[in-house]
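One structure is given below, encoded as C-alpha cells.
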Amino acid sequence: MELAIGLILAGCAIGAGAAMIAGIGPGIGEGNAVGKACEAIGRQPECKGSVTSTMIMGCAIAETTGIYALIIAILLIFVAPNMFVNILLNAVK
C-alpha cells in the first residue's frame, strides 16, 4: 500500500515538472518577438504604435501556454495526489 502511494506521489511530481518544461517556449517566443519588434521600430520609427500593439497582443497569446502549464503543475501537486490516493483506497476496500 505504501509503495503504491509513493508511486502516485512520484508520478504527480514528475508530471508537474514535465508540465513546467512548457514554460521555456513562451520565454523564447516572446524574446524573439520583442527582438523583431525592436528591429522593425529601428527601421521604421513611424510605425511604432502599430508594431508595439501587435507585439503585445502576440506576447499575451504566447504567454497563455505557460499559464496553462502552471495550472496543470499546481493541480498535479495539490489536487491529483489526494484524488488518486482516495481512488486507490476505495479500490482496496
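Model, not experiment: these values are computed from the prediction.
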Requested in this report: Please round to the nearest 0.5 Å and tell me the distance separating atom CD1 of I14 and atom CG of L76.
Outcome: 11.5 Å
Query raised in the report: E39: what forms a side-chain hydrogen bond (donor to acceptor under 3.5 Å, both in side chains) with it, not counting sequence neighbours?
Result: R43
Query raised in the report: Does I28 offer a backbone N or O that forms a donor-acceptor pair with the side chain of N32 under 3.5 Å?
Result: no
Report task. For A22 and P26, work out which heavy atoms get closest and say how close. Result -> O-CD, 3.0 Å
Query - Co-membership, hydrophobic cluster, residues I21 and I71, 4.5 Å side-chain - result: no
Report task. State the CD1-CG distance between I8 and N82, to the nearest 0.5 angstrom. Result -> 10.5 Å
**Report entry** Transitive ILVMFWY side-chain link F84 to M1, under 4.5 Å
**Finding:** yes
Query raised in the report: If you measure from CD1 on I77 to CG on L9, what distance do you get to the nearest 0.5 Å?
Result: 11.5 Å
Query raised in the report: By side-chain contact (heavy atoms from CB on, under 4.5 Å), which residues pair with I74, not counting sequence neighbours?
Result: L70, F78
Under 3.5 Å, which donor-acceptor pairs link side chains of residues 49-61 to any protein atom two or more places apart or in another chain?
residue, atom, partner, partner atom, Å
T52, OG1, K48, O, 2.7
S53, OG, G49, O, 3.2
S53, OG, S50, O, 3.1
T54, OG1, S50, O, 2.9

Query raised in the report: Taking a hydrophobic cluster as the set of Ile, Leu, Val, Met, Phe, Trp and Tyr residues connected by side-chain heavy atoms closer than 4.5 Å, whether directly or through intermediates, do M83 and L75 fall within one such cluster?
Result: no
Report summary line: Residues A19 and A69: closest non-hydrogen pair is O-CB, 3.1 Å
